[in-house]
Amino acid sequence: MKKSLLLFCVLGLAPVLNSVHANEVCDENSKRLKADYSISITKHTTMGDSTRTTNMSLWRMDNKVAHQYPETKITEEYTLVRNKFIKPVRYFDGHQRAIEYQPGETIHGKKETDFSYRYQLVSDTFLDSMTLVSSTGSGCEKTETYELKNSAGSFTLTWLVHQQLIASFEVESGKVHRNWTLTSTDYNADVNSFFAKRADYQATDYADIGDDHTDPFLTKMVTQGFIEAGASGFYNDKGHALEGEHSH
């Protein structure tokens, strides 16, 4: 009787243990990946609607995350330092040059303080403010849908729980409709090479830019207004759209 009861308990726990193991696997996989997004922005005017579409890739490697914009050949990297500070680097892929910022540095009156919306493109605080309306799947396939309406607009988010990835994100704000769609996820991407290649770029510290008036690249970047605090997350913890959607 005791053996039967023990066997029953073991068999009963097996699905739970398998589920926990599966969740741990997909959580671990989410730390190193490449996720591709299509971003469309539609503006409604009296003259009709106009839509602009662009693409971005989210790269993760443990405590590093990068937002790559193929059209503008700009990549923005954020590294979490000592689980407290964020070190931003802006890479100009077409020139193989980089602008480095110091961890915790205030740039144009702003400071990087929330790694979550750089890491997953929407902050944990903003996610917590939304209302869960549905949940489907289990394990690595678990997907949740959230909604929120506030003074900034109307938001609908489809969230891949264990991957910490946006599957889709729709925003109606005034006369502008924004839509982010996950088009592919690659857990076997060579993230080491991606980050290592950019680490080899010629880098200039942001604080030293004004000291060098002989570098044609820096002169050009200042003239065109490229040198500014990067802001390629989607929405901050207040639900407001972040600047710098890389339309320059």
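For the residue pair Ser57/Asp36, the side-chain donor-acceptor check at 3.5 Å is satisfied.
Here the shortest heavy-atom pairing between Val65 and Arg118 reads CG2-O, 3.4 Å. Among all heavy-atom pairs drawn from Pro70 and Asn55, the shortest one is CD-O, 3.5 Å. Taking each heavy atom of Val122 and Tyr117 in turn, the nearest pair found is C-CB, 3.5 Å. Of all non-hydrogen atoms in Tyr37 and Leu58, the two that sit nearest each other are CE1-CB, 4.4 Å. Residues Leu33 and Tyr187 come closest through the heavy atom pair CD2-CE2, 3.8 Å. Considering every non-hydrogen atom in both Leu182 and Ile166, the closest pair reads CB-O, 3.5 Å.
With sequence neighbours excluded, no residue forms a salt bridge (Lys or Arg N to Asp or Glu O under 4.0 Å) with Asp190. Looking at residues two or more places apart in sequence or on another chain, you find no salt bridge (Lys or Arg N to Asp or Glu O under 4.0 Å) involving Glu100.
Once rounded to the nearest 0.5 Å, the distance linking CD1 of Ile86 with CG of Asn63 reads 11.5 Å. One finds the CD atom of Gln102 at 12.5 Å from the OH atom of Tyr206 (value rounded to the nearest 0.5 Å). Here Ile74 contributes atom CD1 and Met56 contributes atom CE; the two are 12.5 Å apart, rounded to the nearest 0.5 Å. The line from CH2 of Trp180 to OG of Ser40 is 8.5 Å long, rounded to the nearest 0.5 Å. Rounding to the nearest 0.5 Å places CD1 of Ile99 at 5.0 Å from OG1 of Thr204. Atom OG1 in Thr143 sits 5.0 Å away from atom CG in Leu160 (nearest 0.5 Å).
Using cut-offs of 30° and 60° for the angle between ring planes, the His95 and Phe92 rings count as perpendicular.
Not one N or O on the side chain of Ser123 forms a donor-acceptor pair closer than 3.5 Å with the backbone of Ser116. Proximity of a side-chain donor or acceptor of His67 to a complementary backbone N or O of Thr75 within less than 3.5 Å is not detected. With hydrogens and angles disregarded, no donor-acceptor distance shorter than 3.5 Å links the side chain of Gln163 to the backbone of Leu165. Using modelled atom types, one side-chain atom of Thr45 and one backbone atom of Gly48 make a donor-acceptor pair closer than 3.5 Å.
For Asn83, the CG atom sits in a loose shell: 12 or fewer heavy atoms of surrounding residues, nucleotides or ligands are nearer than 6.0 Å. By the 6.0 Å contact criterion, NZ on Lys87 is enclosed, its count of non-hydrogen atoms from other residues, nucleotides or ligands being greater than 12.
Residues Leu148 and Leu127 share a hydrophobic cluster, clusters being chains of Ile/Leu/Val/Met/Phe/Trp/Tyr side chains in contact below 4.5 Å. In the hydrophobic clustering of ILVMFWY residues, with side-chain heavy atoms under 4.5 Å counting as a link, Phe115 and Val81 come out apart. Residue Leu132 is grouped with residue Phe126 when hydrophobic side chains (ILVMFWY) are merged at heavy-atom distances under 4.5 angstrom, including chains of intermediate members.
Sorted by first and then second residue, the pairs that involve residues 130-155 and meet salt bridge (charged side-chain N to carboxylate O under 4.0 Å, His left out), not counting sequence neighbours, are Lys142-Glu144. Listed by first then second residue, pairs satisfying salt bridge (charged side-chain N to carboxylate O under 4.0 Å, His left out) with a partner in residues 57-75 read Arg32-Asp62, Lys64-Glu77, not counting sequence neighbours.
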Please lay out, stage by stage, how Gln120 and Trp159 fare under the test side chain to side chain contact (heavy atoms under 4.5 Å, CB included). CA-CA 10 Å; Gln120 59 200 31; Trp159 179 248; 3.7 Å; yes
Check the pair His177 / Val171 against side chain to side chain contact (heavy atoms under 4.5 Å, CB included), numbers first and verdict last. CA-CA 6 Å; His177 176 253; Val171 181; over 6 Å; no
Side chain to side chain contact (heavy atoms under 4.5 Å, CB included) for Tyr119 and Leu80? Distances and angles first, verdict last. CA-CA 10 Å; Tyr119 188 79; Leu80 186 62; over 6 Å; no
Would Tyr146 and Phe155 satisfy ring-ring contact (aromatic ring centres under 6.0 Å, His included), going step by step from the backbone distance to the final call? CA-CA 8 Å; Tyr146 292 86; Phe155 307 83; over 10 Å; no
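Under the side-chain hydrogen bond (donor to acceptor under 3.5 Å, both in side chains) test applied with Ser168, the options Thr158, Thr181, Asn179, Thr145 reduce to a single match, Thr158.
Proximity of Arg178 to Glu170: side-chain heavy atoms (C-beta onward) are nowhere separated by under 4.5 Å. Side-chain atoms of Asp200 and Arg198, non-hydrogen and from C-beta on, never get closer than 4.5 Å to each other.
For Asp215 and Arg97, the salt-bridge test passes: some basic side-chain N is under 4.0 Å from an acidic carboxylate O.
Using a 4.5 Å cut-off between side-chain heavy atoms of Ile, Leu, Val, Met, Phe, Trp and Tyr, Tyr201 falls into a hydrophobic cluster with Val89, Tyr91. Other cluster members for Phe194: Trp59, Met61, Val191, Phe195, joined by side-chain heavy-atom distances under 4.5 Å among Ile, Leu, Val, Met, Phe, Trp and Tyr.
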